[in-house]
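Some notes on the structure that comes next.
Bear in mind the structure is a predicted one, so any value in this text is a computation, not a measurement. Just so you know, residue 1 is the first one in the sequence shown, and it goes up from there.
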Amino acid sequence: MSWVLLILSVLAVFVVVTIMVDKKQKKPGIMREGKLLKSETVCRDGEKFYVEKVAFKDWHVSIHSYYLISDRLTEGHTIVDQRWNYDDFCNITIRLEDCTYALIRQVEVVALVRSFRPMPIDEFDRIA
């Protein structure tokens, strides 16, 4: 009888640990890739923005993930306007029907700034 209780106790601990690890690995936010560094809502000039930063193990993974994130964010949406930074093709501002967002890659970190309403890119860049 004591062996049965011991085995059941070990199984229960294993199940609880598995559930806790699974919950810790799932992170809130828009970017599912990378390790979440920051996720917050900020206000500037009366406008609200969602800011999220994720880190990657090296620059190569961050570039690959940057383009995956960009494609996923625009998938199923109509792009109203977009602007690339031609100094570094890893900076883009895109205006969709429901929001405007900027996706910026900084070596091993990718940052996302998203407005809560669609706004012209010039206004977005000035405020955000």
Side-chain angles (χ1 to χ4, degrees):
M1 182 71 171
S2 64
W3 285 103
V4 172
L5 288 175
L6 179 64
I7 291 172
L8 288 175
S9 299
V10 169
L11 284 173
V13 168
F14 178 74
V15 168
V16 168
V17 168
T18 302
I19 291 171
M20 297 301 285
V21 168
D22 187 50
K23 283 187 177 185
K24 187 170 182 119
Q25 288 178 351
K26 292 180 181 174
K27 61 182 171 99
I30 296 172
M31 296 186 287
R32 296 183 294 250
E33 300 79 6
K35 178 184 176 194
L36 183 65
L37 298 177
K38 180 181 190 179
S39 172
E40 66 182 349
T41 301
V42 297
C43 289
R44 292 194 69 188
D45 291 349
E47 295 288 342
K48 287 175 58 175
F49 298 94
Y50 174 73
V51 178
E52 186 174 312
K53 287 187 177 183
V54 293
F56 297 92
K57 65 179 184 176
D58 62 33
W59 65 271
H60 186 265
V61 176
S62 73
I63 289 174
H64 178 71
S65 298
Y66 173 88
Y67 289 108
L68 289 176
I69 293 166
S70 179
D71 287 346
R72 189 170 36 79
L73 290 175
T74 57
E75 188 175 295
H77 297 282
T78 301
I79 297 175
V80 177
D81 193 12
Q82 67 181 354
R83 180 179 300 154
W84 287 91
N85 177 344
Y86 292 107
D87 295 333
D88 178 4
F89 285 103
C90 291
N91 294 337
I92 187 171
T93 306
I94 296 177
R95 180 178 176 193
L96 301 175
E97 297 166 327
D98 61 340
C99 70
T100 303
Y101 72 86
L103 196 59
I104 304 118
R105 189 186 69 82
Q106 305 159 331
V107 187
E108 296 166 352
V109 175
V110 175
L112 169 79
V113 180
R114 182 184 187 277
S115 67
F116 283 85
R117 69 171 181 88
M119 59 177 54
I121 290 178
D122 289 334
E123 180 185 0
F124 180 88
D125 287 342
R126 182 183 55 79
I127 297 173

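- Residue Glu108 holds its CD atom at 10.5 Å from CD1 of Ile63, rounded to the nearest 0.5 Å.
- Applying the salt bridge (charged side-chain N to carboxylate O under 4.0 Å, His left out) rule to Arg44 yields no partners; only residues at least two apart in sequence or on another chain are considered.
- For the residue pair Tyr66 and Leu103, the shortest heavy atom distance occurs at OH-O, 3.2 Å.
- Between Ile69 and Phe56, the shortest heavy-atom contact is CD1-CZ, 4.5 Å.
- A single hydrophobic cluster is seen to contain both Ile79 and Leu112, as judged by linkage of ILVMFWY side chains at heavy-atom distances under 4.5 Å, directly or through other members.
- Both Ile92 and Ile30 belong to a common hydrophobic cluster when Ile, Leu, Val, Met, Phe, Trp and Tyr are linked at side-chain heavy-atom distances under 4.5 angstrom.
- In terms of hydrophobic clustering, with Ile, Leu, Val, Met, Phe, Trp and Tyr side chains grouped at heavy-atom distances under 4.5 Å, Val42 and Val110 are assigned to different clusters.
- Between Asp125 and Thr93, some side-chain heavy-atom pair lies under the 4.5 Å cut-off.
- Nearest heavy atoms, Met31 versus Arg72: CA-NH2, 3.8 Å.
- Between Ile94 atom CD1 and Leu73 atom CG the span is 7.5 Å, to the nearest 0.5 Å.
- In this structure, the separation between OG on Ser70 and CD on Gln82 is 8.0 Å, given to the nearest 0.5 Å.
- Salt-bridge check for Glu33 with Arg105: failed, with every basic side-chain N at 4.0 Å or more from each acidic carboxylate O.
- Under the 4.5 Å side-chain heavy-atom criterion for grouping Ile, Leu, Val, Met, Phe, Trp and Tyr, Ile121 is not connected to Ile104 through any hydrophobic cluster.
- Atom NE2 of His77 sits in a crowded spot, with more than 12 heavy atoms from other residues, nucleotides or ligands closer than 6.0 Å.
- Taking a cutoff of 4.0 Å between a charged side-chain nitrogen and a carboxylate oxygen, Arg114 and Glu52 do not qualify as a salt bridge.
- Residue pairs meeting the ring pair (Phe, Tyr, Trp, His ring centres under 6.0 Å) criterion with at least one partner in residues 105-128, sequence neighbours excluded, are Phe49-Phe124.
- Between the CG atom in Asp45 and the CD1 atom in Ile127 there is a gap of 5.5 Å [rounded to 0.5 Å].
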Show me the donor-acceptor pairs, under 3.5 Å and distance only, between side chains in residues 95-102 and residues at least two apart or in other chains.
unit_1, atom_1, unit_2, atom_2, d
Glu97, OE2, Thr78, OG1, 3.3
Thr100, OG1, Met119, N, 3.0
Thr100, OG1, Met119, O, 2.8

